[in-house]
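Below is one structure, written out as structure tokens; comments come after it.
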Amino acid sequence: YRSVKGTDLVAAEVDANFSELDTRTAMGWRDMICGLETRGGPTQPVLQNYRNGIYLYAFSPDITQEIFAVAHIDHDYALGTELFPHMHWTTDTTNLGTVRWGIEYTLARRFDDTGSTTFGPTTTLYVEQASDGVAYKHWVAQVTEGSGIPGAGINVDTVILFRIFRDAVHANDTYPDPCYGITFDMHYQCSRYATPNRDPNFFV
């Protein structure tokens with residue numbers, strides 16, 4: 001392990017540092033960065049010039065367009081805690097309006113774990129966020145407390161499959177221009193820096 005200043009840390013020192021974090025906040029927060037992937041077809045957002053030499057996927061204001069992501073639950077995840085998926089997005093105009101994002105997902109534990117190891121029917125979450133008319137602003141559309149992905153049944157090495165879409169045909173989506181997807185990730189709570197075991201049971 002290595003500190004921010006480049007000093008090597010032994011595992012005991014890392015553990016002690018994390019214990020101090022627990023004392024202050026009970027748990028820590030991390031980002032699980034998933035990225036964005038297209039699958040082709042008419043519902044795929046168009047890769048479009050955003051600013052100068054930067055290209056991003058542009059989501060139409062007229063039709064529903066979708067993109068995909070995959071999340072893998074890391075070994076530092078605090079079991080039983082809620083996950084908060086969110087879309088980083090931006091605009092390049094000064095128009096006002098609300099963008100409505102849909103986040104459809106299904107999840108499963110790994111094949112040799114206990115609990116559900118098959119991907120079941122999907123659930124869809126919705127997040128609405130209004131642009132304030134400032135072009136090129138970095139927005140983060142995140143589900144609220146109690147509206148995220150429940151932690152019950154999620155274990156280390158669980159995989160979550162996502163379909164993220166701009167629900168442009170919904171009446172609540174009023175932003176008149178394309179908006180740009182930057183990346184997709186989840187805030188999650190961590191309560192350790194590792195698990196004792198590589199494979200299930202991770203904790204015994």
Side-chain angles (χ1 to χ4, degrees), residues 27-41 43-74 76-78 81-107 122-151 154 158-170 172-190:
M27 291 184 188
W29 287 92
R30 296 198 67 184
D31 266 312
M32 187 178 300
I33 301 173
C34 308
L36 297 171
E37 298 180 4
T38 57
R39 297 286 191 266
T43 59
Q44 173 179 301
V46 177
L47 190 60
Q48 185 170 303
N49 183 265
Y50 168 63
R51 192 168 201 183
N52 302 119
I54 302 299
Y55 281 72
L56 294 172
Y57 285 106
F59 289 78
S60 169
D62 303 314
I63 60 172
T64 299
Q65 292 183 316
E66 60 193 7
I67 208 160
F68 300 88
V70 178
H72 169 270
I73 303 301
D74 208 345
D76 60 356
Y77 170 63
T81 57
E82 187 176 11
L83 299 165
F84 297 91
H86 51 279
M87 183 69 168
H88 292 256
W89 64 284
T90 185
T91 66
D92 61 356
T93 74
T94 57
N95 287 324
L96 299 172
T98 295
V99 174
R100 177 178 164 93
W101 295 102
I103 302 170
E104 182 181 8
Y105 73 91
T106 180
L107 57 85
T122 62
T123 300
T124 303
L125 313 173
Y126 291 95
V127 185
E128 296 177 2
Q129 194 168 40
S131 170
D132 60 4
V134 177
Y136 305 111
K137 180 174 278 193
H138 175 190
W139 294 99
V140 181
Q142 179 170 243
V143 297
T144 57
E145 191 88 24
S147 301
I149 300 175
I154 294 179
T158 293
V159 165
I160 310 177
L161 308 178
F162 289 101
R163 168 183 170 256
I164 305 105
F165 58 97
R166 179 180 178 181
D167 197 10
V169 297
H170 194 280
N172 290 357
D173 189 305
T174 59
Y175 184 68
D177 303 311
C179 64
Y180 297 85
I182 301 172
T183 192
F184 177 80
D185 54 310
M186 289 195 297
H187 286 133
Y188 71 99
Q189 289 183 283
C190 55

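Computed from a prediction, not measured in an experiment: that's the story for all the values here. Side-chain atoms are counted along with the backbone in the values below, which use heavy atoms only and exclude waters and symmetry mates.
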Side-chain (T174) to main-chain (T98) donor-acceptor, under 3.5 angstrom: yes
D173 and R166: CA distance, side-chain angles, deciding distance, salt bridge (charged side-chain N to carboxylate O under 4.0 Å, His left out) verdict: CA-CA 8 Å; D173 189 305; R166 179 180 178 181; 2.8 Å; yes
Atom of L96, atom of S131 and distance for their closest heavy-atom approach: CD2-O, 3.7 Å
For A71 against C34, the heavy-atom pair lying closest together: CB-SG, 3.6 Å
E82 (side chain) donor-acceptor with S147 (main chain) under 3.5 angstrom: yes
Stepwise side chain to side chain contact (heavy atoms under 4.5 Å, CB included) check, D76 with Y188: CA-CA 10 Å; D76 60 356; Y188 71 99; 2.9 Å; yes
Close side-chain approach of I73 and L107, heavy atoms under 4.5 Å: no
Check against side chain to side chain contact (heavy atoms under 4.5 Å, CB included), W101 and Q129: CA-CA 8 Å; W101 295 102; Q129 194 168 40; 5.6 Å; no
Straight-line distance of Y57 OH to L36 CG, nearest 0.5 Å: 8.5 Å
Any donor-acceptor N/O pair, D132 side chain to V134 backbone, under 3.5 Å: yes
Verdict with reasoning, D31 to H187, per side chain to side chain contact (heavy atoms under 4.5 Å, CB included): CA-CA 5 Å; D31 266 312; H187 286 133; 2.8 Å; yes
Smallest separation among heavy atoms of F162 and I164, with atom names: CB-CD1, 3.9 Å
Nearest heavy atoms of V143 and G148, plus distance in Å: CG2-CA, 3.6 Å
Spacing of C179 atom SG and L56 atom CG [to the nearest 0.5 Å]: 10.5 Å
Worked check of side chain to side chain contact (heavy atoms under 4.5 Å, CB included) between I149 and L125: CA-CA 9 Å; I149 300 175; L125 313 173; 4.2 Å; yes
With F184, the side-chain contact (heavy atoms from CB on, under 4.5 Å) member among H86, M32, H88, M87: M87
Reported CG-to-CD1 distance for the pair D92 and I54, which is rounded to 0.5 angstrom: 13.5 Å
Parallel, tilted or perpendicular: rings of W89 and Y175 (30°, 60°): perpendicular
Aromatic ring pairing W29/F84, orientation class (parallel under 30°, perpendicular over 60°, tilted between): tilted
Short side-chain to backbone donor-acceptor contact, Q65 and S60, under 3.5 Å: yes
Which atom of A58 lies closest to which atom of Y180, heavy atoms considered: CB-CE2, 3.8 Å
Exam field: side chain T124 to backbone I103, donor-acceptor pair closer than 3.5 Å: no
Y136 atom OH, over 12 foreign heavy atoms within 6.0 Å: yes
Closest non-hydrogen atom pair between P61 and P176, with its separation: CG-O, 3.4 Å
F59-F165 aromatic ring centre distance below 6.0 Å: no
Close side-chain approach of D177 to T91, heavy-atom, < 4.5 Å: no
